[in-house]
Amino acid sequence: MANIYPSGKAQDWTLKRRNLAKEKYGKNSAEQELFKLLGNGNYGKTAQGLNAKTEKEFGTDKSYYIPVSKSTNPLISMQYSSIAEYQVNFLMDLIDKMYPHNLIPSVTTDGFIWAGNQPLDKEKIVKVIKKTAPKQWVTVNDKYFGGEFFEFKSKLSNDTKEYSKDTTLVNLKTRFNFTLDGRIKALAGIRNVTPESIYRDLINGITTIKVDQHRLSTLDDMKHRVDNKHLLSEWQQPEYQSLSFDFTSRPTSFHDNGDGYGYYNTEPFRTVEEAETFKENIKPYGRLFPLFNTKFAYAFLELDNHLVATRTGYKIAWIKNDVSLKGDNYLDLMNNYQNDYKWKVLLRYLAKHEEMYDLKAIYTDMFSGRYSTFSGFKQSIKRSKGKFINPLVVLKENWPEKLRKYETRC
């Protein structure tokens, strides 16, 4: 029990003082945050040294492997996360039974977002938990948490409401969600853009925004870099933030809210490899196309989204057959889309509908700078026959309307 004792004693000590700080200074106070960090630090100590990590020796260029601590214990380390995850899943299943036909759009290790058409009765839920939950949970909860098995979180100061009501929820990804009433506000580190502004961008079809991410020097920088030694630097770093779903789960269907936007119903991927491949493959497309828009969502779900083997690994089937979309960052991606990708997709579109259009006029107005002769343009269309046409590009560029003036027949 030598390894278990220090972490258990520390957790007991920090938890009691954090609860006292909440009562005296408030749930969002710096005082309670201090004891929260102390408790989290103790949790980290239970896993110290379990993975091979190195640290620089202060004042030298030598590195060393971080040793185990007096509190290191893999069983205890796993229990912290496992118990929290069990409690979250228990609570989700319970609420789903008590309030069926509602949504849980986001889940993390220690909490989840619930959205429904009726208010939750906290007292009723707690009574059911006490009747159905393991006795150990009830005992620990009563002793350390005042009988509160869960709490409704809010980012508003002095909030008197228990939960949001009649407001819009935007859930883009695990750490990027908010409500327009301000009670939920997790913006993936974005500080200079309001939720209202992000919401307007979304409904206007904007897929990526330029933001300033808040950055601080790391402790390694402060200890070892000569220019930052002993100093804390703080700066704003420009980045391009995607407003797309992160596809950590497989989309199976789409619910249209009736306003041109909606949400995906999803299921877990079968393997880690499948999840990582899908997420990586779809990432550039999410930065270019408004996949929460109903038209784009339905078009996306109609594509062949299963994985196929290639010489370089697995790929989503339709992406394997698509024109190559390149770009290591957003600016390179947009440059490739505007100057190369969309024109090659247009050639495939024209190859399929060749009899509908005056190709000579289209060449003169749109492709004469890309092909020196009309015959060269015609050869490219011929080579494009029968190839996959990305419907997301057709929607984005609205080619049926833009090419209407070149139609040779009605």
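Just so it is clear, the structure is predicted and the values come from calculations on it, not from any experiment.
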Student: If the condition is side chain to side chain donor-acceptor pair (under 3.5 Å), which residues does Asn171 pass it with, not counting sequence neighbours?
Tutor: Asn177

Student: Can a donor-acceptor pair be found between the side chains of Thr373 and Ser375 at a distance below 3.5 Å?
Tutor: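 A donor-acceptor contact under 3.5 Å links the two side chains.
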
Student: Less than 6.0 Å separating the ring centroids of Tyr285 and Trp318?
Tutor: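 So the answer is yes for these two rings.
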
Student: Assess the side chains of Thr72 and Ser69: does a donor N or O sit below 3.5 Å from an acceptor N or O?
Tutor: yes

Student: Is it true that Tyr264 and Ser253 share a donor-acceptor pair across their side chains at a distance under 3.5 Å?
Tutor: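 Tyr264 and Ser253 do not have a side-chain donor-acceptor pair below 3.5 Å.
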
Student: Evaluate the criterion salt bridge (charged side-chain N to carboxylate O under 4.0 Å, His left out) for residue pair Arg183 and Glu162; output intermediate values, then yes/no.
Tutor: CA-CA 10 Å; Arg183 300 191 85 253; Glu162 278 206 309; over 6 Å; no

Student: Given the ring of Phe377, does Lys382 sit roughly above its face, with NZ or CZ under 6.0 Å from the centre of the six-membered ring and within 45° of the axis?
Tutor: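 Not satisfied by the 6.0 Å and 45° rule.
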
Student: To the nearest 0.5 angstrom, please state how far the NZ atom of Lys360 sits from the CZ atom of Phe374.
Tutor: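 CZ of Phe374 is found 5.5 Å from NZ of Lys360.
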
Student: What's the spacing between Leu350 CG and Ser384 OG if we round to 0.5 Å?
Tutor: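 The CG atom of Leu350 sits 8.5 Å away from the OG atom of Ser384.
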
Student: So, the side chain of Tyr330 versus the backbone of Gln241: is there a donor-acceptor pair under 3.5 Å, distance only?
Tutor: no

Student: Start with the C-alpha distance between Lys210 and Glu239, add both sets of side-chain angles, then the distance that settles salt bridge (charged side-chain N to carboxylate O under 4.0 Å, His left out), and finish with yes or no.
Tutor: CA-CA 6 Å; Lys210 187 177 181 181; Glu239 288 186 4; over 6 Å; no

Student: Can a side-chain donor-acceptor contact be found between Thr46 and Asn73 if the only test is distance below 3.5 angstrom?
Tutor: no

Student: Would you check if there is a donor-acceptor pair between the side chains of Lys36 and Gln32 at a distance under 3.5 Å?
Tutor: no

Student: Under a plain distance cut-off of 3.5 Å, with no hydrogens placed, do Asp332 and Asn335 share a side-chain donor-acceptor pair?
Tutor: no

Student: What verdict does the salt bridge (charged side-chain N to carboxylate O under 4.0 Å, His left out) test give for Lys153 and Glu151, after you've listed the backbone C-alpha separation in whole Å, the side-chain angles of each residue and the deciding distance to 0.1 Å?
Tutor: CA-CA 6 Å; Lys153 303 290 264 185; Glu151 63 178 349; 3.4 Å; yes

Student: With the side chain counted from C-beta on, respond yes when Lys130 and Asn141 share a heavy-atom pair under 4.5 Å apart, and no when they do not.
Tutor: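 Not in contact.
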
Student: Show the numbers, then the answer: is there a salt bridge (charged side-chain N to carboxylate O under 4.0 Å, His left out) between Glu401 and Arg404?
Tutor: CA-CA 5 Å; Glu401 185 61 34; Arg404 192 174 300 280; 3.3 Å; yes

Student: I want to know whether Tyr337 and Tyr341 have ring centres closer than 6.0 Å.
Tutor: yes

Student: What's the shortest heavy-atom distance between Lys326 and Asn336, and which atoms?
Tutor: N-OD1, 3.1 Å

Student: Taking the six-membered ring for Trp, are Phe254 and Tyr298 closer than 6.0 Å centroid to centroid?
Tutor: yes

Student: Give a yes-or-no answer on whether the side chains of Thr252 and Asn265 include a donor-acceptor pair shorter than 3.5 Å.
Tutor: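 No.
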
Student: Taking it one step at a time, do Tyr163 and Trp114 satisfy ring-ring contact (aromatic ring centres under 6.0 Å, His included)?
Tutor: CA-CA 10 Å; Tyr163 39 73; Trp114 182 88; 8.2 Å; no

Student: Evaluate the side-chain proximity of Thr109 to Val88: yes if any heavy-atom separation is below 4.5 Å, no if none is.
Tutor: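 No, too far: nothing below the 4.5 Å cut-off.
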
Student: Between Arg18 (side chain) and Phe35 (backbone), is there a donor-acceptor pair under 3.5 Å?
Tutor: no

Student: Return the CG to NZ distance between Asn390 and Lys342, rounded to the nearest 0.5 Å.
Tutor: 13.5 Å

Student: State whether the side chain of Arg287 and the backbone N or O of Tyr240 hold a donor-acceptor pair below 3.5 Å, judged by distance alone.
Tutor: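 Yes; at least one donor-acceptor contact below 3.5 Å.
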
Student: Would you mind reporting whether Leu91 and Gln87 have side-chain heavy atoms less than 4.5 Å apart?
Tutor: no

Student: Ring centres under 6.0 Å, that's the criterion: do Tyr406 and Tyr357 meet it?
Tutor: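 Ring-ring flag for Tyr406/Tyr357: false, centres at least 6.0 Å apart.
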
Student: Counting the benzene-type ring for Trp, do Phe300 and Phe247 have ring centres under 6.0 Å apart?
Tutor: yes

Student: Taking the six-membered ring of Phe245, is the NZ or CZ of Lys173 close enough (under 6.0 Å from the centre) and on axis enough (within 45°)?
Tutor: no

Student: Give the table of side-chain donor-acceptor pairs shorter than 3.5 Å for residues 97-105, with sequence neighbours excluded, one pair per line with atom names and distance.
Tutor:
unit_1 : atom_1 : unit_2 : atom_2 : d
Tyr99  : OH     : Asp121 : N      : 2.9
Asn102 : OD1    : Asn117 : N      : 3.3
Asn102 : ND2    : Tyr99  : O      : 2.9
Asn102 : ND2    : Pro100 : O      : 3.1
Asn102 : ND2    : Gln118 : OE1    : 3.4

Student: Could you tell me the separation between the OG atom of Ser164 and the CZ atom of Phe152, rounded to the nearest 0.5 Å?
Tutor: 10.5 Å

Student: Supply the atom-to-atom distance Tyr263 OH to Asn257 CG, rounded to the nearest 0.5 angstrom.
Tutor: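 Tyr263 OH to Asn257 CG: 6.5 Å, rounded to 0.5 Å.
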
